[in-house]
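Right, one structure below, let's go through it.
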There are 2 protein chains.
Amino acid sequence: MIKPRSRRGGGRPTIADVARKAGVGAITVSRALREPERVSEDLRRQIQAAVDELGYLPDPNARALASARAEVFGVLVPSLTNSVFAEVLRGIYDSLSDSSFRIQLGNTHYSGLEEERLLQVFGPQRPAALIVAGIDQTPTSRRLLETAGCPVVQVMETGPDPVDMMVGFSHFDGGRAATEHMIEMGYHRVGFIGARMDPRSQRRLAGYRAAMEAAGLFDARLVTTTPVPSSVTLGRELFRDALAKAPTLDGVFCNNDDIALGVLFECHRASIAVPKTIGITGFNDLDMMEVAFPSVTSVRTPRYEIGRRSVAMALAAIAGKRPQEPVVDLGFELKRRESTAR
Amino acid sequence: MIKPRSRRGGGRPTIADVARKAGVGAITVSRALREPERVSEDLRRQIQAAVDELGYLPDPNARALASARAEVFGVLVPSLTNSVFAEVLRGIYDSLSDSSFRIQLGNTHYSGLEEERLLQVFGPQRPAALIVAGIDQTPTSRRLLETAGCPVVQVMETGPDPVDMMVGFSHFDGGRAATEHMIEMGYHRVGFIGARMDPRSQRRLAGYRAAMEAAGLFDARLVTTTPVPSSVTLGRELFRDALAKAPTLDGVFCNNDDIALGVLFECHRASIAVPKTIGITGFNDLDMMEVAFPSVTSVRTPRYEIGRRSVAMALAAIAGKRPQEPVVDLGFELKRRESTAR
DNA sequence: GAGGTGGATGGTAGCGCTACCATGACGCAG
DNA sequence: CTGCGTCATGGTAGCGCTACCATCCACCTC
């Protein structure tokens with residue numbers, strides 16, 4: 001006889017089917033799956049056998065509705081193609097892959113408004129945690145995060161006044177360290193070249209400025225920025241602009257490695273000697289910077305580790321074990337290479 | 001008097017609250033939101049007012065449970081940091097951002113087993129559509145896709161026998177076109193350098209081989225591959241290996257642009273003239289290939305467009321308007337540049 | 001031996017929404 | 001004027017799960 005299946009269910013086994021087969025109550029099956037230690041070993045085995053035989057998989061939607069909590073991490077990044085965020089995402093992903101949490105992705109396109117919209121969309125779903133890039137949320141976004149009712153980790157940067165938790169490093173210090181290094185290596189007309197100029201880039205610029213001013217070398221004409229999205233192509237163009245504006249330029253600290261690579265290629269093309277005539281420093285230290293010719297000095301940032309750490313903190317908070325220190329600074333490392341070895 | 005709120009609900013307004021405020025039945029609210037044309041304009045306005053006033057947002061979990069369909073696109077890619085897939089993902093994301101569909105991400109790490117596991121996890125959720133990279137699913141994965149009960153789009157490649165729909169291009173043809181170009185430009189000892197060697201890379205290699213054989217130039221010693229994940233660093237190392245193995249090498253067709261860049265940098269470092277002594281062709285045509293010095297010939301692949309198209313096809317299928325032709329070949333374009341201009 | 005305690009198990013009542021099936025009003029053909 | 005489709009609206013009954021509370025059964029304490 002055919003079991004009368006309801007109109008909607010696709011015929012998948014439900015928790016009631018498992019319970020029937022195992023000869024226990026549905027709630028015991030639910031517990032055996034979620035808190036095995038609260039069920040006697042005997043029943044646990046019986047239930048597991050029934051689960052295996054039926055190929056039962058719990059319906060995450062029903063679970064989310066009943067428990068008012070979805071097993072979902074909402075992740076908001078400003079860009080999917082910027083390899084910096086791709087690596088953060090990879091770190092998040094890898095740390096979550098052997099849990100039952102799913103990842104729901106949001107791309108803010110560097111827009112505060114878009115971030116607000118996405119938080120509005122993510123909220124009603126009651127995610128288990130939210131991981132958002134950056135610390136410069138709009139007041140609305142901040143309120144949405146505060147009232148989300150789940151752990152929130154702001155990543156990529158550290159700063160005062162976290163919504164909940166933070167993992168990152170100081171972009172200001174990174175920019176300053178890179179610039180100080182160049183000054184130390186004998187570059188005195190060091191330019192800053194930056195694209196996109198999101199808040200993190202702004203802080204790298206501030207670090208650059210602080211270092212230059214401390215050395216009495218700051219000159220506004222050395223700074224070349226644009227709100228246009230960053231690319232290697234753009235790096236080349238900005239470098240040309242920078243040279244036109246400040247012909248005595250003897251080095252550049254670039255916003256990021258894409259820009260630095262563009263500068264490097266343009267130097268090759270224009271037969272400008274690196275590091276002799278122009279020194280180059282990048283930011284992030286992508287894989288290729290070490291291989292480039294000449295190899296390019298860059299500020300190594302712990303992107304993958306930021307992803308992993310953010311998940312670890314969120315999971316701890318979910319488990320009720322909030323970390324003592326809600327703000328974690330993972331630092332950075334200046335990689336000195338040929339492009340600044342004058 | 002305080003309305004008695006249940007233990008679980010976080011106090012968010014529900015559809016019943018909206019219905020009460022608008023003086024209609026809950027089901028009418030539901031309809032007004034999902035199929036506005038089926039509700040009279042009068043009520044529609046009233047309901048909208050109530051929604052706005054209460055700040056009502058439907059609970060996606062309840063919706064998914066009741067309708068046995070989640071507004072989620074499951075997306076499976078083999079890597080998050082490979083910029084090729086990042087761009088596909090961006091295309092998918094951009095095409096979905098003004099719909100109410102959410103994106104749930106899966107990273108298969110180029111593993112068929114992992115892909116199976118992820119499909120198992122995605123299935124019970126009843127996603128609205130699945131987009132998976134590649135056409136070489138395991139039999140188990142294939143069955144999971146066929147029984148998913150939603151549109152499925154295989155992306156990045158075209159081939160016979162789609163599970164449902166496909167968007168991509170021929171990697172074999174791409175590899176062949178690149179190789180033929182090099183032969184035409186006078187390179188006769190053209191090597192193949194490949195890392196990772198996933199199925200798509202294998203087909204590029206097959207295309208290379210076909211072109212070399214057709215010209216009577218194939219020599220197994222010209223082929224250098226490794227299962228190790230691709231990187232610029234690895235490109236340099238593989239190129240060294242290739243040169244050691246075949247000192248008369250006069251050109252290389254690289255598996256992808258990262259490898260090509262590694263080769264280019266190594267040529268600079270070892271003072272090997274490009275394109276005179278060694279010609280270089282890459283694959284994918286990342287932004288930087290045009291800017292590199294010398295600029296690098298590459299096969300431009302429509303990655304972003306693949307993402308967009310896959311979503312368009314899936315949305316059409318959801319709306320019941322399946323495309324006539326389930327397999328879409330978006331082609332590729334060989335970009336001839338300085339690195340092969342002998 | 002009465003009463004207490006704690007651990008294992010189960011029943012019931014939702015979670016917030018939508019599928020399904022009325023219901024009632026209206027227009028129109030006969 | 002009757003009968004019947006058509007359209008807008010609503011009521012009811014779940015979707016598959018879990019929170020909450022009750023129950024039951026050792027096992028103990030005094």
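Just so it is clear: chains get the letters A, B, ... in the order the sequence lines come, proteins before strands, and each one is counted from 1. What's counted below: heavy atoms across the whole structure, side chains too, no hydrogens, waters or symmetry copies. None of these values were measured; they are calculated from a predicted model.
Between B:Ser67 and the phosphate of C:dA19, there is no side-chain N or O to OP1/OP2 separation shorter than 4.0 Å. At C:dC15, none of the side-chain N or O atoms of B:Thr14 fall inside 4.0 Å of OP1 or OP2 (strictly under the cut-off). Note on B:Ser30: a side-chain N or O is less than 4.0 Å away from OP1 or OP2 of C:dT18.
In this structure, the CD atom of A:Glu71 is 13 Å from the P atom of D:dC17, given to the nearest Å. In this structure, A:Ile15 atom CD1 and D:dG14 atom P are separated by 19 Å, rounded to whole Å. The CZ atom of B:Arg44 sits 14 Å away from the C1' atom of D:dT9 (whole-angstrom rounding). If you take CZ of B:Arg126 and C1' of C:dC17, they are 15 Å apart, rounded to a whole angstrom. The CG-P distance, from A:Asp17 to D:dG16, rounds to 9 Å in whole Å. Between the CD atom of A:Glu41 and the C1' atom of C:dT9 there is a distance of 17 Å, rounded to whole Å. The distance from atom CD of A:Glu37 to atom P of C:dG6 is 18 Å, rounded to the nearest whole Å. Note: CD1 (A:Ile47) to C1' (D:dC17) measures 15 Å, nearest angstrom.
Not a single donor-acceptor pair, N or O on each side, falls under 3.5 Å between the base of C:dG16 and the side chain of B:Arg12.
Nearest nucleotide to the A:Ile27 side chain, out of D:dG16, C:dT18, D:dC20: D:dC20. The side chain of A:Val39 approaches C:dT9 more closely than any other nucleotide in the set C:dT18, C:dT9, D:dC17. Across C:dG14, C:dG16, C:dT9, the shortest atom-to-atom separation from the side chain of A:Arg31 is found for C:dT9. Nearest to the side chain of B:Leu65, among C:dC17, D:dC17, C:dG16, sits C:dG16. When each of D:dG16, C:dG16, C:dT9 is scored by its nearest atom to the side-chain atoms of A:Ala62, the top-ranked nucleotide is D:dG16. Nearest nucleotide to the side chain of A:Asp59, out of C:dA8, D:dG16, C:dG16: D:dG16.
Remark: the A:Thr138 side chain and the A:Glu116 side chain contain an N/O donor-acceptor pair separated by less than 3.5 Å. No donor-acceptor contact under 3.5 angstrom links the side chains of A:Arg44 and A:Ser40, judged on distance only. A side-chain donor-acceptor contact under 3.5 Å links B:Glu71 and B:Ser100.
B:Asp17 has no carboxylate O lying under 4.0 Å from a charged side-chain N of B:Arg12, or vice versa, which leaves the two without a salt bridge.
Residue contacts for B:Arg34: at a heavy-atom cut-off of 4.0 Å it reaches the sugar-phosphate backbone alone, with no base atom in range.
Under the ring-ring contact (aromatic ring centres under 6.0 Å, His included) criterion, the residue pairs touching residues 34-83 of chain B are B:Phe73-B:Phe101, with sequence neighbours excluded.
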